[in-house]
Amino acid sequence: MKAITLTMAALAAMPVMAGQTTPPPAATDWTDSVKKALVVYDNNDTFVKKVSLQWREQWQMAVVQPNGSNGAHLKDAASPFNSEFRRSWLGVNIDLQTDTRLHAYLRIGGLPTRSTYAGGRTKRNFTYFNFYDIYVQQKIKGVEGLTLRAGKFAHKFTSDLRISNAEIMTVERSLISNQFGLDTNWGVEVDYKPDKQNHFFVQLFANDRASSGKSHSHSDVYGDGKGFKGEFGWEDKCFIIIGGTHKFHVTESGHHAISAEYLHDFNNAYHGQRKPGANNYGAGFQDALSIGYEYKEDKFTLLTNIVTAYEPLSAPGSKNLGWEIQPVYSISPHVDLVFRYVGMMGKDACKLGGDRYICTQTTAPAWVDSLHTFYVGANLYASAKNKHAAKLMVGAEYTTARKDGETCYNGWEFTTALRWNF
């Protein structure tokens, strides 16, 4: 008996085998309890099988420090500091016996709750209520992995934007994805996952977002949070995305994956052709192609992405080339270290204005000829099992940009975010 006890103790003290360098998380933890509390109905024997609530909060703050000096490029009377509730959302999922899901996410506040600086003064925008997304999703019986969706939801162009905003590894998305400037849009989607290695999709959208010129008789009243509006101007605001992902060399500890997405915007604002009243806020480019590669092995993940885009609204006849490299290393089940490098080039075709705080608080131009950004940060997770349920994110990003052969902006942005997602 004593020998058996000693043997068991020795086994427990042995290092974890390759491919399992960290012990598995506990079967349940406090995040599971919160998720369970948000399930208000669960009965597989009724037509409505399950009703569950969703809850997402994000508070963040930032310091913009151009050229190492707060006053170098800041707008008149602008403060280098900013804080906001980036997200405050309440949602619901209703699952039916027909393999149908009804989904809605109500956005409370959002971007307009932050301070902006215009005309030499600070202005706090209003808080509003609207739907971030609302859709019907249907699994097709008889075809494994085939799902249809219709309503208002996010697009999946670029490797960055295929990741849920609850699971991105940096405080803000990269400028490559932000330059396509889309939030959620009205459309339809065909999604096909025949197995664990392959994923294909087609998305067709009728853009319902506003340009910088507001017209309260048009669909841009949605952008001002004035209710549930929808104008489906397919003839001048329709764009399509076709994409797919293939995983290979899949093991218990990791995989390789390649992905590609093609985007075409049918918006007739390109080449200076515009119908009166057209709401020209589509993808921002007429055609774009994204190629991605992902590598994962145990604690290390590498995401890379190359994007080329043609005919930007900012500069007809120009093109954009961008690239992103993002390695992530998990030093413990509760801490990840993140680095990201992004570069772009293209005459008047690189959207520096996609960075939320730089474009709000500085005199930097919205579109530049080239830019480079370097991000370094750490994510601290409250739960090892459900990492993105509650986390603290800290990051510092250095950005440098050039226009017409001259450096037009460079500086740091320091950000911190608290995220809660169930």
Side-chain angles (χ1 to χ4, degrees), residues 64 66-67 73 155-163 168-183 239 241 243 259-265 270 281-294 302-327 338-377 395-413 415:
V64 177
N67 287 330
H73 288 285
H155 77 84
K156 296 187 289 193
F157 184 75
T158 75
S159 299
D160 195 342
L161 284 166
R162 283 188 287 105
I163 302 172
I168 58 175
M169 300 302 294
T170 54
V171 177
E172 296 289 352
R173 295 188 187 275
S174 72
L175 286 176
I176 286 183
S177 60
N178 281 342
Q179 72 178 346
F180 293 95
L182 297 170
D183 199 347
F239 61 97
I241 300 171
S259 61
E261 301 94 39
Y262 168 70
L263 180 151
H264 178 72
D265 193 332
Y270 295 96
Y281 193 101
F285 295 83
Q286 190 168 43
D287 291 281
L289 176 66
S290 171
I291 304 293
Y293 167 73
E294 178 184 293
L302 176 67
L303 181 149
T304 63
N305 196 197
I306 298 177
V307 178
T308 182
Y310 302 86
E311 292 291 341
L313 283 172
S314 61
S318 186
K319 61 183 178 181
N320 168 290
L321 177 64
W323 53 93
E324 175 180 3
I325 301 173
Q326 180 182 283
V338 184
F339 176 80
R340 180 179 68 195
Y341 163 58
V342 171
M344 281 196 286
M345 62 176 62
K347 179 62 178 175
D348 292 322
C350 304
K351 193 173 184 180
L352 178 64
D355 187 290
R356 302 171 55 256
Y357 295 115
I358 289 178
C359 65
T360 296
Q361 297 171 264
T362 75
T363 57
W367 293 88
V368 298
D369 300 335
S370 65
L371 63 84
H372 301 272
T373 70
F374 304 87
Y375 177 100
V376 59
E397 185 166 43
Y398 184 79
T399 301
T400 181
R402 295 176 63 84
K403 185 177 177 67
D404 298 326
E406 301 290 337
T407 298
C408 61
Y409 178 83
N410 57 65
W412 286 94
E413 179 174 300
T415 55

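Predicted, not measured: the structure shown is a model, and the values here were computed from it.
A 4.5 Å side-chain heavy-atom check between F285 and L263 finds every atom pair outside the cut-off.
The structure places CD1 of I241 at 11.5 Å from CZ of R162, a figure rounded to the nearest 0.5 Å.
Ring geometry, H155 versus F157: the interplanar angle falls from 30° to 60°, so the pair is classed tilted.
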Side chain to side chain contact (heavy atoms under 4.5 Å, CB included) evaluation trace for D160 with Q326: CA-CA 10 Å; D160 195 342; Q326 180 182 283; 5.9 Å; no

Side chain to side chain contact (heavy atoms under 4.5 Å, CB included) between M344 and N320, intermediate numbers included: CA-CA 7 Å; M344 281 196 286; N320 168 290; 3.5 Å; yes

Side chain to side chain contact (heavy atoms under 4.5 Å, CB included) assessment of D404 paired with K347: CA-CA 8 Å; D404 298 326; K347 179 62 178 175; 2.6 Å; yes

Test side chain to side chain contact (heavy atoms under 4.5 Å, CB included) applied to E413 and Y375, step by step: CA-CA 9 Å; E413 179 174 300; Y375 177 100; over 6 Å; no

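Looking at residues two or more places apart in sequence or on another chain, you find a side-chain hydrogen bond (donor to acceptor under 3.5 Å, both in side chains) between E324 and S174. For P365, the side chain to side chain contact (heavy atoms under 4.5 Å, CB included) partners at least two apart in sequence or on another chain are V368, K403, C408. Residues that satisfy the side-chain hydrogen bond (donor to acceptor under 3.5 Å, both in side chains) test with T373, not counting sequence neighbours, are E397. The side-chain hydrogen bond (donor to acceptor under 3.5 Å, both in side chains) test applied to T407 returns R402, not counting sequence neighbours.
When each of Y398, W412, Y341 is tested with F374 by the rule ring pair (Phe, Tyr, Trp, His ring centres under 6.0 Å), just one qualifies, namely Y341. Shown are T308, T158, I306; of these, the side-chain contact (heavy atoms from CB on, under 4.5 Å) with S290 is made only by T158.
Applying the salt bridge (Lys or Arg N to Asp or Glu O under 4.0 Å) test to pairs two or more places apart or on separate chains, none has a residue in residues 312-321. Note on residues 358-367: no pairs pass salt bridge (Lys or Arg N to Asp or Glu O under 4.0 Å), not counting sequence neighbours.
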